[in-house]
Amino acid sequence: YLDASLRILEEQNNRYEVGLSLAELALLAKAQIGTRDEDPDTLRSQGLRHCERAIAIFRELGASRDEALVMEIASELQP
C-alpha cells in the first residue's frame with residue numbers, strides 16, 4: 001500500500017508526505033533485512049535509494065529535523 005500511496009502523493013505534488021512515505025519505505029526495507037528470502041544487499045540498496053530521495057525532499061523544503069531522522073535511517077542501512 002505504501003507504493004500506491006506514494007504514487008498518489010507524487011501525483012498531488014505533496015512533497016512533504018512523499019518524503020515521509022519514502023522514509024517509511026526505507027524503514028520497511030531495513031526491517032526486512034534478515035527476515036526475508038530477498039538479498040540483504042538489495043534491501044539495503046532499496047532503502048538507501050528511498051533515503052536519498054527523502055533527504056533531498058526534506059532539504060529542499062527546509063525540514064531539517066525530518067532530514068536528520070532520514071539520515072540516521074540511511075546510516076543504519078550502511079553495511
Trace of the side-chain contact (heavy atoms from CB on, under 4.5 Å) decision for Asp3 with Leu25: CA-CA 8 Å; Asp3 287 327; Leu25 285 167; 3.8 Å; yes
What residues, two or more places apart in sequence or in another chain, satisfy side-chain hydrogen bond (donor to acceptor under 3.5 Å, both in side chains) together with Asn13? none
Applying side chain to side chain contact (heavy atoms under 4.5 Å, CB included), can you list everything that pairs with Leu27, at least two apart in sequence or on another chain? Glu24, Ile73
Of all residues at least two apart in sequence or in a different chain, which pass the salt bridge (charged side-chain N to carboxylate O under 4.0 Å, His left out) check with Glu17? none
Test: ring pair (Phe, Tyr, Trp, His ring centres under 6.0 Å). Region: residues 35-55. Which pairs qualify, not counting sequence neighbours? none
Any side-chain heavy atom of Ile55 within less than 4.5 Å of one from Glu52? no
With Arg59 via side-chain hydrogen bond (donor to acceptor under 3.5 Å, both in side chains) - residues at least two apart: Glu67
Who pairs with Glu76 by side chain to side chain contact (heavy atoms under 4.5 Å, CB included), at least two apart in sequence or on another chain? Lys30, Glu72
Leu43 versus Ala29, closest heavy-atom pair with distance: O-CB, 3.5 Å
Atom of Ala26, atom of Leu77 and distance for their closest heavy-atom approach: O-CD1, 4.3 Å
With sequence neighbours excluded, tell me which residues meet side chain to side chain contact (heavy atoms under 4.5 Å, CB included) with Leu61. Arg15, Tyr16, Ile57
Contacts of Asp41 that satisfy salt bridge (charged side-chain N to carboxylate O under 4.0 Å, His left out) - sequence neighbours left out: Arg44
Given a cutoff of under 4.5 Å between side-chain heavy atoms of I, L, V, M, F, W and Y, with clusters grown through shared members, what are the other residues clustered with Ile8? none
Check whether any side-chain heavy atom of Phe58 sits under 4.5 Å from a side-chain heavy atom of Leu22, and report yes or no. no
Listing request: all ring pair (Phe, Tyr, Trp, His ring centres under 6.0 Å) pairs with a residue in residues 60-79, at least two apart in sequence or in separate chains. none
Hey, what else clusters with Leu69 if you join Ile, Leu, Val, Met, Phe, Trp, Tyr whenever side-chain heavy atoms sit under 4.5 Å? none
Run the side chain to side chain contact (heavy atoms under 4.5 Å, CB included) test against Ser5 and tell me which residues pass, sequence neighbours left out. Leu9, Ser21
